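Working notes, structure below.
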Amino acid sequence: ISVFHSAISRFYAPSDLCGAGGMYRKRICSNPNWCGEYACYDTMFVETNVGLDGMPGMAIGCARLFFSFKAWGKVYSCALVHWLVPFDEPDGDTGMWVVQPEFQGNGCRTLSIIPLDCVTRAANLLPIYGSSFLPEDFHFSDSLDLFLAYFVNPYIDHHSHEFLK
């Protein structure tokens, strides 16, 4: 088994023809010791239902590990992900999709191994803060573990905006 701390997502972005025929790429990180200080686990769109366009056919995976293995002469590229599942429809006030961490019956986060073929691109999440203040010692690297829900940010770049509309 080979372990990797990042993966490259390549996708077609029709509004950005600067690349070769509109192709674009983004790095998705999964590093337990980023810059020698703390963990960095990026989020990504994972296609869960090919029959549905946009967010209804997706979930968000938080990349905990990228790895590959060889079996029967073929290399399989995979990711170990924690799931963030979307609500049934976008938020009425913001128009953005909302996702929340998925938990098993024992209270642990749902963890799955997925093929990298079903990862469509990197995702950017905005925490839903609620009405209380964050503690002064809050560290940004804990963001994906401490909030109950997140907005899926379609405004991080025009590619995301196109992808989610």
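Because the structure is a prediction, the values reported are computed rather than measured. FYI, the numbering just counts along the sequence from 1.
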(request) Begin from the C-alpha positions of C108 and F103 and carry the test side-chain contact (heavy atoms from CB on, under 4.5 Å) through to its verdict. (result) CA-CA 5 Å; C108 293; F103 292 91; 6.0 Å; no
(message) I need the single residue from L80, V81, L111 that forms a side chain to side chain contact (heavy atoms under 4.5 Å, CB included) with L65. Which is it?
(response) L80
(request) Evaluate ring-ring contact (aromatic ring centres under 6.0 Å, His included) for Y38 paired with H139, printing each intermediate quantity in order. (result) CA-CA 10 Å; Y38 41 81; H139 196 270; 4.9 Å; yes
(message) With a 4.5 Å cut-off on side-chain heavy-atom distances among I, L, V, M, F, W and Y, is there a chain of contacts connecting L125 to W97?
(response) yes
(request) Check whether more than 12 heavy atoms from other residues, nucleotides or ligands sit under 6.0 Å from atom CG of N49, and answer yes or no. (result) yes
(request) Find the distance between OG (S30) and CZ (F67) and round it off to the nearest 0.5 Å. (result) 11.0 Å
(message) Within this structure, what is the CZ-OH distance for the pair R64 and Y41, rounded to the nearest 0.5 Å?
(response) 4.5 Å
(message) Using every non-hydrogen atom in the two residues, find where N31 and N33 come nearest and quote the distance to one decimal.
(response) OD1-N, 2.9 Å
(request) Could you give me the CA-CA distance, side-chain angles and deciding distance for M96 and V152, then say whether side-chain contact (heavy atoms from CB on, under 4.5 Å) is met? (result) CA-CA 6 Å; M96 291 191 274; V152 179; 5.9 Å; no
(request) Say whether V85 and Y150 are linked into one hydrophobic cluster, either directly or through other cluster members, by side-chain heavy-atom distances under 4.5 angstrom. (result) no
(message) Ignoring hydrogens, what is the shortest heavy-atom contact between F138 and L146? Give both atom names and the distance.
(response) CE1-CD1, 3.5 Å
(message) Test your reading of the model: is there a side-chain donor-acceptor pair from T43 to the backbone of C62, 3.5 Å cut-off?
(response) no
(message) So does T94 get a backbone contact from the side chain of D91, meaning a donor-acceptor N/O pair under 3.5 Å?
(response) yes
(request) Would you check if the side chain of T120 reaches a backbone N or O of V46 as a donor-acceptor pair within less than 3.5 Å? (result) no
(message) Please check this pair: side chain of D42 against backbone of C29, looking for a donor-acceptor N/O pair closer than 3.5 Å.
(response) yes
(request) Check the angle between the aromatic planes of Y129 and F147 and answer parallel, tilted or perpendicular using the 30° and 60° thresholds. (result) perpendicular
(request) Please round to the nearest 0.5 Å and tell me the distance separating atom CE of M55 and atom CG of D53. (result) 13.0 Å
(request) Evaluate the side-chain contact (heavy atoms from CB on, under 4.5 Å) criterion for residues H5 and F66: first the C-alpha distance (whole Å), next the side-chain angles of each, then the deciding distance (0.1 Å), finally the verdict. (result) CA-CA 6 Å; H5 293 300; F66 293 111; over 6 Å; no
(request) Group every Ile, Leu, Val, Met, Phe, Trp and Tyr by side-chain heavy-atom contacts under 4.5 Å, then state whether M58 and W83 land in the same group. (result) no
(request) Give the minimum heavy-atom separation between P90 and G95, together with the two atoms involved. (result) CB-O, 3.5 Å
(request) Taking all heavy atoms of L144 and all of R109, pick out the closest pair and write down the distance. (result) O-NH1, 3.4 Å
(request) Could you state whether I114 and F69 fall into the same hydrophobic cluster, counting links through intermediate Ile, Leu, Val, Met, Phe, Trp or Tyr residues with side-chain heavy atoms under 4.5 angstrom apart? (result) no
(request) May I ask you to test the I60-F45 pair for a side-chain heavy-atom distance under 4.5 Å? (result) yes
(message) Looking at F133, I'd like to know if its CZ atom is crowded, meaning that more than 12 non-hydrogen atoms belonging to other residues, nucleotides or ligands lie closer than 6.0 Å.
(response) no
(message) If you compare all heavy atoms of A63 against all heavy atoms of I28, which two are closest, and at what distance to 0.1 Å?
(response) CB-CG2, 4.5 Å
(request) Count the heavy atoms belonging to other residues, nucleotides or ligands that lie under 6.0 Å from CD of Q104, then report whether that count exceeds 12. (result) yes
(message) Are F87 and L126 linked, directly or through intermediate hydrophobic residues, by side-chain heavy-atom contacts shorter than 4.5 Å (ILVMFWY only)?
(response) yes
(request) Kindly give the heavy-atom pair with the smallest separation between V75 and S68, and that separation in Å. (result) CG1-CB, 4.1 Å
